[in-house]
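Notes to accompany the following structure.
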Amino acid sequence: MRQERVHVIAGNAFAASDAQGDMEVDPRAPVGLFSFDTRFLSRWVLTVDGQRLDALSRDDISHFETQFFLVPGTASHYVDADVSVIRYRSIDESFNERITLLNHSTGPAEFVVRMDIGADFADTSEIRSPRPRRTTATAFPDEGVLRLRYERDRFCREAAVSTTAPGHVDQGGITYRITVPPNGRWVTDLHVNMIARGEGGRDVRAGLETHRQRVDHDMRHDLRDWLDRAPRLVAERDILMDVYEGALTDLAALRYTPLSYPAPVPVGGLPWAMALYGRDAMITCLQTLPFTPELAPATLRLLALVQGGRLDDYHDEEPGKILGELRYGESAGFGEEPTALYYGAADTTPLFIVLLDEYERWSGDAALVRELQHPARMALDWIDAYGNLTGDGYLRYQRRSRNGLVNQTWKNSPDAIVHRDGREPALPRATCELQGYAYDAKLRGARLAREFWGDPAYAHRLEREAAALKERFNRDFWLPRRGYYALALEPDGIPVETLTSNIGHLLWSGIVEEERSAQVAEHLLGPEMFTGWGVRTLAEGQLPYNPVGAHVGAVWPSDNSLIAAGLRRYHHDDEAARVAAGVLAVAELLGGPVPEVIAGYPREITRYPVQLPMAGRPQSWASGALLMLLGTILGLRPCGEELLVTPAVPQGFGRLELLDVPGRWGHADAYGRDRSAPADGRRPRLR
């Protein structure tokens, strides 16, 4: 049976334990205390009189704090425990656990409380099989401190564990021999400083006070402020408001401040992607512009700062290319993996232009568009200078790094891009959605050039290139016999005729000919693609189809959020509403963070969304998808200094109100009803 995992998260620092609060190495999942791609604690096990504890209950207070209510041994309905334990833990840039032992007997009682502590300093890239490392554990009994350390050349990581109660500190943990008065309590704080690059000499006790202040005031205030700044949703279905607030809270949890950069940006998500992924971050920003627009400028600036500037095969870097992944772990630092700055993504570069333009449309922030003119023009140049690998005008990818990704799109698993009969297409591959992104980027770049950069000739050139790409694409990718667009073209132009969700991204980008959109929508909502929970990544009935395969049959909320937006762009409102209703039902039924992916089984068979073991929760673009779907069914769209609202609310949703939507108009209120609810004729109100 799969073990429940309990997490506390603050940006890219997180602790993952079992239901009792203990952390022990598990090759199936990242368990322990992590920060900046390193595991600082791999063992954190509490015992009382040599017994492990059993969970009675848990209070998940917020994303960065939780508490466990426990008893030693096995809990029983028939025997009242005479002792219980509360483990309260919190995390920010450091980690704290307060242990409270309660004596429920009428006399004093003696206990031996032990915390076993260890650290393997594993890189997150090797969690399934950590390499052996020479680590040191140094006890300072007089100070109540245990220092765990790993050093390799200039790479140094250290966990400094301190205790507030007197205890015996040894190299394997801390032991307390205590006497607790009748109906009394004993308390200690265990504080863990996570130190990078050998920053020694820090007063770890002072660190505890700083941590308490930050958690008690700064982080709670920041979360309240984050929620207060977002629009307020009022819905007849109360659970929809819970889903909305949960998505906002998850996004708050998944913000981190990179080293040497001052502003928070979204990480990918728990547990495997607690780092900056250019694609995930930009799509999250696009999804959340009507709700949390402050994510976008920091993300754009950071990606511009680390934009590719040279030809580097090992990192798949090229001038103008936008980053795929940024890691700080040992493997990245020593070049054993190319992830310190990895550019193996063909879609991030056009998406950079899409996000920059869309952010200006919502915010009116012309200054940022002018500030980022040079990186934006470099990105547009990259599409044709380096992305056009075969000279046929299509954006393609082929890895140059021996450790790089074979498929460099959002469907980046090795088996994701495949023919209907299971054959692998030749490289370099031109997937269809890449052409849509490139088309969209050129049109948006033209607007930016004309309106903000004072370069109408460049704008005209980009518009000509976009029109030529659209014409060429609709000629070469369209499969008239099948009535949809090919997944990809091989280098010799042979189409990969697999039916996939990628065609929904084509609607989102606007590259689809108007008269063909109905056929595309029909395929997306047909029984081979639509499960009732959402659109599958790959249609049933083809040889590669696997309902539990991440990119060959499963359902991704992030994917579906773009599909629904694309359907609305081409006025297929009923179809968009069905997609949105399916994904939102997943969130309502599962509770908590929506998984990044669920199985592609038909809803009439499962009746309940089937989660996949490898699915991360929370994930930034999965949580962002819920917000984008709400914006899509309300039909939110910036138009100059006004917010347009054209609702297409799914059946059974009743009335929706989204109050204080931020934008260049100030704040506006949006209203929508499903067709079964009586119309009230109310229009969006600007404030």
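Positions are given from 1, in the same order as the sequence printed here.
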Please name all residues satisfying salt bridge (charged side-chain N to carboxylate O under 4.0 Å, His left out) with Glu528, sequence neighbours left out, ordered by chain then number. none
Residues Trp272 and Thr124: closest non-hydrogen pair is CZ3-O, 4.3 Å
Checking the side chain of Arg396 only, and the main-chain atoms of Leu489 only, is there a donor and an acceptor separated by less than 3.5 Å? yes
Non-neighbouring partners of Pro557 that pass side chain to side chain contact (heavy atoms under 4.5 Å, CB included), sequence neighbours left out: Val583, Val594, Ala625
Thinking salt bridges, do Asp674 and Arg237 make one under a 4.0 Å N-O criterion? no
Say you draw a straight line from CD1 of Ile9 to CG of Asn12; how long is it, rounded to the nearest 0.5 Å? 11.0 Å
Going through the checks in order, is the side-chain contact (heavy atoms from CB on, under 4.5 Å) test met by Cys285 and Tyr359? CA-CA 9 Å; Cys285 291; Tyr359 171 68; over 6 Å; no
Honestly, is Arg89 close enough over Phe95, meaning NZ or CZ under 6.0 Å from the six-membered ring centre and within 45° of the axis? no
Evaluation steps, side-chain contact (heavy atoms from CB on, under 4.5 Å), between Leu276 and Tyr256: CA-CA 9 Å; Leu276 175 70; Tyr256 92 119; 3.6 Å; yes
Looking at Tyr601 and Val610, what are the two nearest heavy atoms and their distance? CD1-CG2, 3.9 Å
Would you say Leu562 and Met628 make side-chain contact, with heavy atoms under 4.5 Å? yes
Among Tyr328, Phe14, Phe40, which one satisfies ring-ring contact (aromatic ring centres under 6.0 Å, His included) with Phe34? Phe14
Under 3.5 Å, side chain of Tyr570 to main-chain N/O of Gly510, donor-acceptor pair present? yes
Any salt bridge between Arg482 and Glu497, counting N to O under 4.0 Å? yes
What I want to find out is whether Glu433 reaches Lys411 closely enough, with some N-O distance under 4.0 Å, to be called a salt bridge. no
List the steps and the verdict of side-chain contact (heavy atoms from CB on, under 4.5 Å) for Glu490 and His419. CA-CA 10 Å; Glu490 297 197 56; His419 281 279; 2.9 Å; yes
Taking Thr537 for the side chain and Val555 for the main chain, is one N or O donor matched with an acceptor at less than 3.5 Å? no
When you measure from the side chain of Thr531 to the backbone N and O of Gly600, does any donor-acceptor pair fall under 3.5 Å? no
Tell me if a side-chain donor or acceptor on Asn546 pairs with a main-chain N or O of Val548 at a distance below 3.5 Å. yes
Can you measure from OG1 (Thr632) to CG (Leu567) and round to the nearest 0.5 angstrom? 9.5 Å
Mind listing the closest non-hydrogen atom pair of Tyr608 and Leu590 along with its distance? CE2-CD2, 3.6 Å
For the atom pair CD (Glu325) and CD (Glu337), what is the distance rounded to the nearest 0.5 Å? 9.0 Å
Under 4.5 Å between any side-chain heavy atoms of Leu326 and Tyr261, yes or no? no
Working for side-chain hydrogen bond (donor to acceptor under 3.5 Å, both in side chains), residues Tyr397 and Asp347: CA-CA 9 Å; Tyr397 62 85; Asp347 50 359; over 6 Å; no
Go through the steps to decide whether Ser561 and Gln287 satisfy the test side-chain hydrogen bond (donor to acceptor under 3.5 Å, both in side chains), and finish with yes or no. CA-CA 8 Å; Ser561 68; Gln287 292 168 329; 3.1 Å; yes
Mind checking whether Leu506 and Phe477 have side chains closer than 4.5 Å, heavy atoms only? no
Within the distance-only criterion (no hydrogens, no angle test), does the side chain of Gln435 pair as donor or acceptor with the backbone N or O of Thr431 below 3.5 angstrom? yes
Tell me, do Cys432 and Phe473 make a side-chain contact under 4.5 Å, heavy atoms counted? yes
Geometric class of the His505/Trp508 ring pair [parallel <30°, tilted 30-60°, perpendicular >60°]: perpendicular
Please confirm whether the backbone N or O of Pro290 pairs with a side-chain atom of Trp362, one donor and one acceptor, at under 3.5 Å? no
Would you list the pairs meeting ring pair (Phe, Tyr, Trp, His ring centres under 6.0 Å) in which at least one residue belongs to residues 534-553, sequence neighbours left out? Trp410-His551, His551-Trp556
Could you check if a side-chain atom of Tyr343 sits within less than 4.5 angstrom of a side-chain atom of Thr349, using non-hydrogen atoms only? no
Keeping the roles fixed (side chain from Arg131, backbone from Ala122), state whether a donor-acceptor pair exists under 3.5 Å. no
4.5 Å side-chain heavy-atom contact, Leu626 and Leu630: no
Write out all pairs satisfying salt bridge (charged side-chain N to carboxylate O under 4.0 Å, His left out) with one or both partners inside residues 535-558, taking only residues at least two apart or from two chains. Arg536-Glu540
Side chain proximity check, Gln542 to Thr498, heavy atoms < 4.5 angstrom: yes
Listed by chain and number, what are the salt bridge (charged side-chain N to carboxylate O under 4.0 Å, His left out) partners of Asp60, not counting sequence neighbours? Arg58
Give the minimum heavy-atom separation between Val31 and Arg39, together with the two atoms involved. O-NH1, 2.8 Å
Looking only at heavy atoms, what is the nearest atom pair of Pro350 and Ile383, with distance? CB-CD1, 4.2 Å
Electrostatic pair Asp573-Arg568, nearest N-O below 4.0 angstrom: yes
Are more than 12 heavy atoms from other residues, nucleotides or ligands located less than 6.0 Å from atom CZ of Arg637? no
Testing the basics here: between Ser401 and Asp316, what is the closest heavy-atom pair and its distance to 0.1 Å? N-OD1, 3.2 Å
Are Arg327 and Asp123 ion-paired here, with the side-chain N under 4.0 Å from a carboxylate O? no
Of Ser620, Pro593, Pro30, Pro618, which meets side chain to side chain contact (heavy atoms under 4.5 Å, CB included) against Leu270? Pro618
Take Leu223 and Thr249 through the side-chain contact (heavy atoms from CB on, under 4.5 Å) test and state the conclusion after the steps. CA-CA 7 Å; Leu223 179 57; Thr249 301; 4.3 Å; yes
Could you check if a side-chain atom of Val8 sits within less than 4.5 angstrom of a side-chain atom of Phe64, using non-hydrogen atoms only? no
Using 0.5 Å steps for rounding, measure from the CG atom of Leu507 to the NE2 atom of His571. 11.5 Å
Find the distance between OG (Ser517) and CD (Glu522) and round it off to the nearest 0.5 Å. 11.5 Å
Check salt bridge (charged side-chain N to carboxylate O under 4.0 Å, His left out) between Asp415 and all other residues, then give those that pass, not counting sequence neighbours. none
As an exercise, state the distance from OG1 of Thr348 to CG of Leu355, rounded to the nearest 0.5 Å. 12.0 Å
